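Bear in mind the structure is a predicted one, so any value in this text is a computation, not a measurement. A note on names: the letters A, B, ... follow the listed sequences, proteins ahead of strands, and every chain is numbered from 1.
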2 protein chains.
Amino acid sequence: MKKNMDCSLSLPSKSTEERIREAAKRVFLEKGFDGATSRDIAEAASINIALTNYYFRSKEKLFMNIFEEMLQLFFNGMIDIMNHPISLREKIAELINHDFQLMKENPSLSLFVMNEIHRNPDRMASCMGVMKQIHHSMFEEQLQKEVNLGTIREISAIHLMPMIFCNIQFLFIGKAMHMKMWQMTEGQFDEFADKHKNLVIDMITNYLFEFEKA
Amino acid sequence: MKKNMDCSLSLPSKSTEERIREAAKRVFLEKGFDGATSRDIAEAASINIALTNYYFRSKEKLFMNIFEEMLQLFFNGMIDIMNHPISLREKIAELINHDFQLMKENPSLSLFVMNEIHRNPDRMASCMGVMKQIHHSMFEEQLQKEVNLGTIREISAIHLMPMIFCNIQFLFIGKAMHMKMWQMTEGQFDEFADKHKNLVIDMITNYLFEFEKA
DNA sequence: AGTTTTTTTAAACAAATGTTTAAAACAGTG
DNA sequence: CACTGTTTTAAACATTTGTTTAAAAAAACT
């Protein structure tokens, strides 16, 4: 196999392998593993059908390649923030802001991840390492410390984390539904989501830090 | 077409049509439209392949039949509660409790609905009437009234409703992920979800009714 | 009984899908 | 240039998929 070493001047003209990956990413995210066909991907990448298997051996292998990248994208950012040496209050706001940005840039990421894990939980096996990092992040102890100090309500990470992530992700998981339901345009949805994000930060921090209110 | 009028004595022996519907419901909810095959459904219903089309003409028609029922199940209960003549505080708790019960009995309902709407938003067209009911329920005016009275924070229904529903539904949308992530058994998940439900009721009402705290 | 209508069955159909083949086009090296 | 390995192509392959057919079985009716 020869890689495109020529990263010199002129138009970069991405390698075929990368073209396939990018097309596959788009198609899988939009249609899911079951809904996406090899020909969909080939067409989206403007390449011959046989090339998907030439480079990735099978649809399943190509999918796993994309899926693992998506799981990284889904978890890595939040893990980084959880390990930042900042206050809990800042951290929660940061986590929600990051989640919002991630969803804004990848509106179907959450639905895609949830769906594929639901359909085939074993596929997550290769990424169990990433999930373990959540357990062993600074977040759990930081939270426990604040609880012990009495600065926040008594709550465990297993309950706080879904609270932090559900609000933004649910908006995008149900984006099509919300837009139909409230008859929003794309622009109106963005505006709505942005406002919602701030409300959610407000709600969670207010709930958590109940004792140190104005 | 002859219906099974014999609802007299002896074993009821559901009509073939109903057997197909029940099997299709199970299979579609678990695998989605794209992932479910006609043969999957026929096998789950223990009937001949040709019968699915004999009774429902096509996979698409059978799916829409099920999908519409699922949309009703998804929305009707919440609409009923939104129209109950009870206090806002009670109503929010009722909505969350109902959502929890619904998700407990149909763990993959929310993911299924979100997914199919995302893949094909037009399919929701037949159920736009149901959605309009949400707009015209007592909920929006009741909320606005409380805001005007100053008993609750200023917030609109379009923001409060996702807050109410996201927490429980996200738990079940990501049930497989949560269970893997925190290494929970089915029983532990139920316990976790139940506790979470109460936390969420607490958080939302505390946030909303900030002025009438102890 | 016989006749007609409804339901069920096995088999087949055409189209779509993941994958492979074998040859052509390309690129690099001597 | 010829030679070698790599990449791309069109065509084909075997399965699977949704759907239909035509006959058999069951039920309903007279």
When you compare the protein's N or O atoms with those of nucleotides 24-26 of chain D, which come within less than 3.5 Å of each other, and at what distance?
none

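- For A:Glu43, the CD atom sits in a loose shell: 12 or fewer heavy atoms of surrounding residues, nucleotides or ligands are nearer than 6.0 Å.
- Note: B:Trp182 and A:His135 have perpendicular aromatic rings, judged against thresholds of 30 and 60 degrees for the angle between ring planes.
- Near DNA chain C, meaning a heavy atom under 4.0 Å from it, residues 61-68 of chain A has no residue at all.
- Taking the six-membered ring for Trp and thresholds of 30 and 60 degrees, A:Phe192 and A:His196 have ring planes inclined between 30 and 60 degrees apart.
- The neighbour count for A:Gln72 CD, taken as heavy atoms of other residues, nucleotides or ligands under 6.0 Å away, is above 12.
- By the 4.0 Å N-to-carboxylate-O rule, B:Lys104 lies too far from B:Asp190 to be salt-bridged with it.
- Remark: aromatic rings of A:Phe112 and A:Phe28 are distant, center separation not under 6.0 Å.
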Task: ring-ring contact (aromatic ring centres under 6.0 Å, His included) evaluation trace for A:Phe170 with B:Phe170 - done: CA-CA 7 Å; A:Phe170 185 77; B:Phe170 184 78; 8.2 Å; no
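- Remark: A:Arg21 engages A:Glu18 in a salt bridge, criterion side-chain N to carboxylate O under 4.0 Å.
- Distance, A:Phe56 CZ to C:dT19 P: 13 Å, rounded to whole Å.
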Pairwise N/O distances under 3.5 Å, protein to nucleotides 8-14 of chain D:
residue: D:dT8; atom: OP1; partner: A:Thr16; partner atom: OG1; Å: 2.7
residue: D:dT8; atom: OP2; partner: A:Thr16; partner atom: OG1; Å: 3.2
residue: D:dT8; atom: OP2; partner: A:Tyr55; partner atom: OH; Å: 2.7
residue: D:dA10; atom: N7; partner: A:Asn48; partner atom: ND2; Å: 3.4

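- Taking atom CZ of A:Arg19 as the reference point, atom P of D:dT7 lies 14 Å away to the nearest angstrom.
- Atom CD in A:Glu17 sits roughly 13 Å away from atom C1' in D:dT6 (whole-Å rounding).
- For B:Thr37, the side-chain atoms get nearest to D:dT17 when compared with the rest of C:dT17, D:dT17, D:dT19.
- D:dT17 atom P lies 15 Å from atom CG of B:Asn53, rounded to whole Å.
- Within 4.0 Å of A:Thr52, counting heavy atoms only, lies no atom of the nucleic acid at all.
- Separating the CD atom of B:Glu43 from the P atom of C:dT8 is a distance of 18 Å, rounded to the nearest angstrom.
- For the atom pair CD1 (B:Ile66) and CD (B:Glu68), the distance works out to 10.5 Å, reported to the nearest 0.5 Å.
- Rounded to whole Å, the distance from NZ on B:Lys59 to P on D:dT17 is 9 Å.
- Among the atoms of the strands shown, none is found under 4.0 Å from any heavy atom of B:Ala42.
- At whole-Å resolution of the value, CZ in A:Arg57 and P in C:dT21 are 13 Å apart.
- The side chain of A:Ser38 contributes an N or O atom lying less than 4.0 Å from OP1 or OP2 of C:dG18.
- Aromatic rings of B:Tyr207 and A:Tyr207 (six-membered ring for Trp) have centroids beyond the 6.0 Å cut-off, not under it.
- Aromatic rings from A:Phe172 and A:Phe189 are positioned such that their centres are separated by under 6.0 Å.
- For the pair A:Asp40 CG and C:dT17 P, the interatomic distance rounds to 7 Å; values are reported in whole Å.
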- [ ] Apply the test side-chain contact (heavy atoms from CB on, under 4.5 Å) to residues A:Met70 and A:Phe75: give CA-CA distance (whole Å), side-chain angles for both, the deciding distance (0.1 Å), then the verdict.
- [x] CA-CA 9 Å; A:Met70 293 300 101; A:Phe75 287 115; over 6 Å; no
